Amino acid sequence: MNVEYVLKKSSLSGEDLIFLLGLQGEEKKKLFQHAQQVKADFVGRKVYFRGLIEYSNICSKNCYYCGIRASNKRYSRYRMTVPEVLEAVDFAFRNNYASIVIQAGERSGETHIGKIESILKKIQQKTNGKIHVTLSLGEQTEDTYRRWFEAGAHRYLLRIEVSNPALYLRLHPANRHHDYMKRLEALKLLKKTGYQVGTGVMIGLPFQTLSDLADDLLFFREMDIDMAGMGPYIEHQDTPLYIHKDTLLPLKERFDLSLKMVALLRILMKDINIAATTAMQTIDPQGREKALMVGANVIMPNLTPVKYREDYLLYENKPCLDEEAAECQSCLEARISIAGDEIGYGEWGDSLHFRKRGESNIEH
Ligand code: SAM
Ligand code: SF4
C-alpha cells in the first residue's frame, strides 16, 4: 500500500487504518502532516481550554487498570467541598476559560447525584450561564443524566475504554457493574438526553492489537461522537493489570501509537473536538503539544487543588502534582504558541460536529 494513495481515499477501511497505524519514519510524518492540514481546514488552529476539576476519587468500581479503583487502599479518599469547586470555577471564569470538566470516580446514590445537581446550579448562577460544563462521572441512569443536563451540564465524557467486548471483559471484573453493554447503552442515553457526547479509549493495553485500535476508530465514527479523549495506558503498581507489565509496548511506542490514533481520528472525523490528554504529557513532557500538532484541539489544564492531586493518581508519574493552576496556565500558553496554535479564550469551543448534528436534526 502507498500512504499518499490511502490518505486520498474518501473513506478509510479497517485494513487502511491498520496499515496507517503501522507507519514509521517519513511515511508516519506524511500521516501527521496530513492530519494537521485537516485540522487547520476543518476546525482551525485554535485550542480550547477546559479547566479540569478532579472532584472526588471515591469510586464504587474496580476497573483492573485504574489507580483509584475501589479496592486500592493506598489513597485517602476525598471529595472536594462546594466552595473549593466554586473557587476552581471562579479561576476558570476569571481566566476566560469558558468551559470546565468535572471528573470523578463513579458513584450512584441520591446524595452524590443531588450534590452534583446542586453544584451545577450554583455554577450557572455564579457565572450567569457563561461557563459550559462537561461531566465525566461514569455510567448513570437516564433520569440522572437528565437531571444533570437540566441543571446546566452540556457535555459528557464517557470513554468506552476499548470497543472490543471480549477485550473489555479482560480489563474489568465480570459482573453487572462492569458490563460492556451497559456502558454502550449509557453512551446512547447521553446522546438521547441532548449532551455533546465524548468517548475514547486507552492505547497500548495488554492484549490489545492494532486491529482492535482500528476498530476503536471505526466505532467512534459509527457512534457519530462529538468529542474524543484518548491516551496511552500507563500501568499502576496497585492494580491487577500490573502483572502484565512485561508484555506492554515500551512507553515511547505507546505514545507514538497514541499520536497516530489522534491523527487518524482527525482524518476520519474532521469536525469533532479531540483532547490532548494528560496521559500523553506523562510519557513525554511535550506530549500534549505534539498531540495538538497532529489533530487535537482541546487541552484540559488541571484546576484541582494541589492538596488532592496525590490522591487522584489513575496511573504512575502523573505530571503537575505540585503545580498550582496559575503556573499551569502560563506554562501552557507558551507551549501552545510553540505548537503554532492560538488559544480560544472566552469561547465555548463547542464541537462543530455537534452543531451540525443539531442543525440536521432540525431540518429533518
Ligand atoms: N470514573 C469515570 C469513568 O471511568 O468513566 C471517570 C473518571 S476515570 C478516572 C477517567 C478515565 O481515566 C477512564 O475513562 C480511563 O480511560 C482513564 N484511566 C484510568 N486508569 C488509567 C490508566 N492506568 N492509564 C491511562 N488511563 C487511565
Ligand atoms: Fe472508577 Fe473510573 Fe477508575 Fe473505573 S476508571 S475504577 S470507574 S474511576
Side-chain angles (χ1 to χ4, degrees), residues 50 52-75 77-79 101-108 112 116 134-140 144-145 148 153 155-163 167-168 171-173 175-180 182-187 189-190 195 197-206 208 216 227-245 248-249 251 254-255 257-258 261 275 277-283 287 300 302 304 308-309 311-319:
R50 314 269 184 253
L52 175 63
I53 301 172
E54 292 159 337
Y55 168 66
S56 169
N57 66 354
I58 303 171
C59 186
S60 60
K61 287 173 88 169
N62 257 316
C63 307
Y64 288 157
Y65 41 82
C66 179
I68 62 169
R69 62 200 299 275
S71 300
N72 186 5
K73 303 290 173 228
R74 187 169 115 190
Y75 300 126
R77 301 287 165 167
Y78 73 86
R79 186 182 64 206
V101 181
I102 299 178
Q103 191 183 75
E106 185 174 310
R107 293 180 83 186
S108 50
H112 174 67
I116 297 290
T134 305
L135 296 179
S136 177
L137 301 170
E139 293 159 41
Q140 304 289 340
T144 301
Y145 286 150
W148 290 346
R155 313 183 180 117
Y156 206 104
L157 283 174
L158 183 75
R159 286 186 177 180
I160 192 72
E161 314 296 2
V162 290
S163 65
L167 180 56
Y168 192 91
L171 305 172
H172 300 90
N175 59 41
R176 66 188 171 86
H177 301 296
H178 300 81
D179 179 24
Y180 177 85
K182 198 168 146 245
R183 202 156 181 91
L184 190 61
E185 190 51 37
L187 275 174
L189 289 178
L190 286 165
Y195 286 93
V197 179
T199 190
V201 291
M202 283 174 286
I203 298 154
L205 286 155
Q208 193 180 43
D216 289 340
M227 324 179 286
M230 303 179 285
Y233 160 69
I234 302 172
E235 60 273 34
H236 188 301
Q237 61 179 355
D238 298 327
T239 60
L241 217 57
Y242 194 70
I243 52 166
H244 300 290
K245 68 178 191 323
L248 297 171
L249 287 174
L251 279 174
R254 270 179 261 168
F255 177 78
L257 207 46
S258 304
M261 287 289 282
T277 56
T278 314
M280 307 219 40
Q281 189 195 359
T282 305
I283 297 185
M300 303 196 282
N302 199 337
T304 312
Y308 295 129
R309 295 208 194 164
D311 289 317
Y312 201 86
L313 294 188
L314 311 177
Y315 42 77
E316 290 169 5
N317 303 319
K318 204 168 160 232

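Just follow the structure's listing: the first ligand is 1, and inside any ligand the first atom is 1. The structure presented is a predicted model; accordingly, all values stated were derived computationally and were not measured.
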Quick check: do [X] and [Y] have side-chain heavy atoms less than 4.5 Å from each other?
{"X": "Lys61", "Y": "Ile68", "value": "no"}
{"X": "Arg69", "Y": "Pro240", "value": "yes"}
{"X": "Ser163", "Y": "Tyr180", "value": "yes"}
{"X": "Asp216", "Y": "Ile160", "value": "no"}
{"X": "Tyr55", "Y": "Leu135", "value": "no"}
{"X": "Glu161", "Y": "Leu171", "value": "no"}
{"X": "Leu248", "Y": "Pro206", "value": "yes"}

Self-check item: atom 2 (Fe) of ligand 2 protein-contacted (non-hydrogen atom, under 4.0 angstrom)
Solution: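 It does not: no protein heavy atom is found less than 4.0 Å away from atom 2 (Fe) of ligand 2.
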Practice problem: Could you tell me whether atom 5 (O) of ligand 1 has a protein heavy atom closer than 4.0 Å? | Solution: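 Yes, there is one.
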Self-check item: Residue portion contacting ligand 1 (non-hydrogen atoms closer than 4.0 Å) for Met202
Solution: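 Side chain only.
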Self-check item: ligand 1-proximal atoms of Tyr312, by part, heavy-atom distance under 4.0 Å
Solution: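 It is the side chain that gets close, since no backbone atom is under 4.0 Å.
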Quiz item: Does any donor atom in the side chain of Tyr312 or Gln103 lie under 3.5 Å from an acceptor atom in the other side chain?
Solution: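 Tyr312 vs Gln103: donor-acceptor pair found between side chains.
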So, [X] side chain and [Y] main chain: donor-acceptor pair closer than 3.5 Å or not?
{"X": "Tyr195", "Y": "Leu157", "value": "no"}
{"X": "Thr239", "Y": "Gly67", "value": "no"}
{"X": "Thr199", "Y": "Leu158", "value": "yes"}

Just going by heavy-atom distances, which of [options] is nearest to [atom]?
{"atom": "atom 22 (C) of ligand 1", "options": "Ile234, Thr277, Asn57", "answer": "Ile234"}
{"atom": "atom 25 (C) of ligand 1", "options": "Pro232, Ser60, Cys66, Ala279", "answer": "Pro232"}
{"atom": "atom 13 (C) of ligand 1", "options": "Glu316, Glu161, Glu235, Arg254", "answer": "Glu161"}

Distance filter under 4.0 Å to [X] heavy atoms, resulting ligand 1 atoms:
{"X": "Arg159", "value": "14 (O), 15 (C), 16 (O), 17 (C)"}
{"X": "Glu106", "value": "1 (N)"}
{"X": "Ser136", "value": "6 (C)"}

Exercise. Begin from the C-alpha positions of Arg74 and His236 and carry the test side chain to side chain contact (heavy atoms under 4.5 Å, CB included) through to its verdict.
Key: CA-CA 12 Å; Arg74 187 169 115 190; His236 188 301; 4.3 Å; yes
Determine whether any heavy atom of [X] lies closer than 4.0 Å to an atom of ligand 1.
{"X": "Arg183", "value": "yes"}
{"X": "His236", "value": "no"}
{"X": "Ala104", "value": "yes"}
{"X": "Gly105", "value": "yes"}

Quiz item: What about Gln103: any of its N or O atoms under 3.5 Å from an N or O on ligand 1?
Solution: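 No, no N or O pair falls under 3.5 Å.
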Quiz prompt | Heteroatom distance test (Tyr315, ligand 1): nitrogen or oxygen, under 3.5 angstrom | solution =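 No: no nitrogen or oxygen of Tyr315 is under 3.5 Å from one in ligand 1.
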Quiz item: Taking the inter-plane angle between the rings of Tyr308 and Tyr78 on a 0 to 90° scale, is it parallel (under 30°), tilted (30 to 60°) or perpendicular (over 60°)?
Solution: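 Plane angle under 30°, so parallel.
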Exercise. Pull up every protein N/O/S atom sitting under 2.8 Å from atom 1 (Fe) of ligand 2, skipping waters.
Key: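 For atom 1 (Fe) of ligand 2, the protein N, O and S atoms that sit under 2.8 Å away are Cys59 SG.
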Quiz item: To which protein heavy atom is atom 9 (C) of ligand 1 closest, and what is the distance rounded to 0.1 Å?
Solution: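 Going atom by atom, the protein heavy atom closest to atom 9 (C) of ligand 1 ends up being Leu314 CD2, 3.3 Å.
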Quiz prompt | side-chain hydrogen bond (donor to acceptor under 3.5 Å, both in side chains) partners of Arg254, counting only residues at least two apart | solution =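 By the side-chain hydrogen bond (donor to acceptor under 3.5 Å, both in side chains) rule, Arg254 matches Glu235.
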